[in-house]
Amino acid sequence: MADRPFYVLLGPDGAGKSSVMAEVAARLPGWRTLSTDDTFVSPGHELVTRLRREVVQEVLPGLGTSYSADFLASLLQTAVVYLRDSLQRLEGDAPLLMDSYYYKILAKCRLAGLQDNPMYAWWRSFPQPRAVVYVDVSPASAWRRSDNGARLNPLEYFGERPEWLGFETYQRNLRKLMLEEVRELPVTIIEEQRSVALTADAVVEVIAS
């Protein structure tokens, strides 16, 4: 598993990584993609989708009252382990593009108040990618894509409700923590593009080279 060439597609909320991954997969049919997004979860792993849905619908609304940050991190770890296990199960030597890996989840756990946790050291012991492609988007563009906050979940903003200032502050802190986590790896930052197609062009240029 450690020798498999894989790359991580990273970015803030609203960057459109799932759309970009679908576009890249269409252009590079010899590559594999791996993500916890519903579109990419392999058959037989519907539990991953259900757990993700329950985190958003039940755990996040009760965070700090019914559920602790430790409980949240324990559930989010299932996504991290799913990605690692899926990587380990892959056969052949086809290159792989993975969505976020543990980097974004770790950053969100820290922003939820869990600065240190033994799980983090375990995640960091997992095989590392050859490179990270960071698909950037401005908080203002991401806010518009979220229908001005209407489609956000509580792990995407600070505060009791989705408001611009809480969203912008959260996203800038999220970006800082994610880039801090991958600072020892080769990272290419792709600035915000006008379309998914142009973003995919830039991603393909990086990983296919």
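What you see below is based on every heavy atom in this structure, not just the backbone, and it leaves out hydrogens, waters and symmetry mates.
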Rounded distance [0.5 Å steps], [atom1] in [X] versus [atom2] in [Y]:
X	Y	atom1	atom2	result
L106	Q77	CG	CD	10.5 Å
R50	D38	CZ	CG	11.5 Å
L83	F6	CG	CZ	10.0 Å
R53	T49	CZ	OG1	6.5 Å
L51	T36	CG	OG1	11.0 Å
L114	L76	CG	CG	10.0 Å

What about [X] and [Y], same hydrophobic cluster or not, with Ile/Leu/Val/Met/Phe/Trp/Tyr joined at side-chain heavy-atom distances under 4.5 Å?
X	Y	result
V203	I189	no
F40	L34	no
L174	L60	yes
I105	V187	yes
Y157	M178	no

Test item: [X] and [Y] side chains (from C-beta on) under 4.5 Å apart, heavy atoms:
X	Y	result
L155	L72	yes
S66	F71	no
R84	L87	no
Y82	V41	yes
L28	V204	yes
I207	V133	yes
Y103	P129	yes
L9	V135	yes

Which pair of heavy atoms, one from [X] and one from [Y], lies closest together, and at what distance?
X	Y	answer
E23	A200	CG-CB, 3.3 Å
A73	C109	CB-SG, 3.8 Å
L152	P162	CD1-CB, 3.9 Å
P12	V137	CG-CG1, 3.5 Å

Using modelled atom types and a 3.5 Å cut-off, is there a donor and acceptor pairing between side-chain atoms of [X] and backbone atoms of [Y]?
X	Y	value
Q128	F126	yes
Q193	E191	yes
K104	G11	yes
T199	S195	yes
D147	G149	no
T169	G166	no

- Query: Do the side-chain N and O atoms of Y67 and E58 include a donor-acceptor pair separated by under 3.5 angstrom?
  - Reply: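 Yes, E58 and Y67 have a side-chain donor paired with an acceptor closer than 3.5 Å.
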- Query: What orientation do W31 and Y7 show, parallel under 30°, tilted 30 to 60°, or perpendicular over 60°?
  - Reply: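 The rings of W31 and Y7 sit tilted, inter-plane angle from 30° to 60°.
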- Message: Tell me whether the rings of Y102 and W123 are parallel (<30°), tilted (30 to 60°) or perpendicular (>60°).
- Response: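 Answer is tilted, since the angle falls between 30° and 60°.
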- Query: For Q115, does the CD atom sit with more than 12 other heavy atoms under 6.0 Å from it, leaving out its own atoms?
  - Reply: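 Counting neighbours around CD of Q115, more than 12 heavy atoms of other residues, nucleotides or ligands fall under 6.0 Å, so yes.
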- Item | Atom CD of E46 with >12 non-hydrogen neighbours under 6.0 angstrom |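 Counting neighbours around CD of E46, more than 12 heavy atoms of other residues, nucleotides or ligands fall under 6.0 Å, so yes.
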- Query: What pairs meet the salt bridge (Lys or Arg N to Asp or Glu O under 4.0 Å) rule with one or both residues in residues 107-129, with sequence neighbours excluded?
  - Reply: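 Checked against salt bridge (Lys or Arg N to Asp or Glu O under 4.0 Å) - neighbours excluded - the pairs reaching residues 107-129 are D13-K108, R110-E180, R124-E181.
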- Message: Would you say the ring centers of Y170 and F158 fall short of 6.0 Å from each other?
- Response: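 Yes, ring centres under 6.0 Å apart.
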- Who passes side chain to side chain donor-acceptor pair (under 3.5 Å) against S146, sequence neighbours left out?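 So S146 forms no side chain to side chain donor-acceptor pair (under 3.5 Å) with any residue.
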- Task: Kindly write out the residues that satisfy side chain to side chain donor-acceptor pair (under 3.5 Å) with S138, not counting sequence neighbours, or none if the list is empty.
- Result: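 Applying side chain to side chain donor-acceptor pair (under 3.5 Å) to S138 gives S141, E192.
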- Set of salt bridge (charged side-chain N to carboxylate O under 4.0 Å, His left out) partners for E168, sequence neighbours left out: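 With neighbours one apart ignored, the set is R172.
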- Message: For R52, give me all partners under salt bridge (charged side-chain N to carboxylate O under 4.0 Å, His left out), at least two apart in sequence or on another chain.
- Response: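 Only D37 meet the salt bridge (charged side-chain N to carboxylate O under 4.0 Å, His left out) criterion with R52.
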- Task: Using the side chain to side chain contact (heavy atoms under 4.5 Å, CB included) rule, take L10 and V182 through it: C-alpha gap first, then chi angles, then the decisive distance, then the call.
- Result: CA-CA 10 Å; L10 193 61; V182 299; 4.3 Å; yes
Can I get a per-line list of side-chain donor-acceptor pairs under 3.5 Å for residues 92-101, giving both atom names and the distance, sequence neighbours left out?
from : atom 1 : to   : atom 2 : distance (Å)
D99  : OD2    : S35  : OG     : 3.1
Y101 : OH     : P127 : O      : 2.8

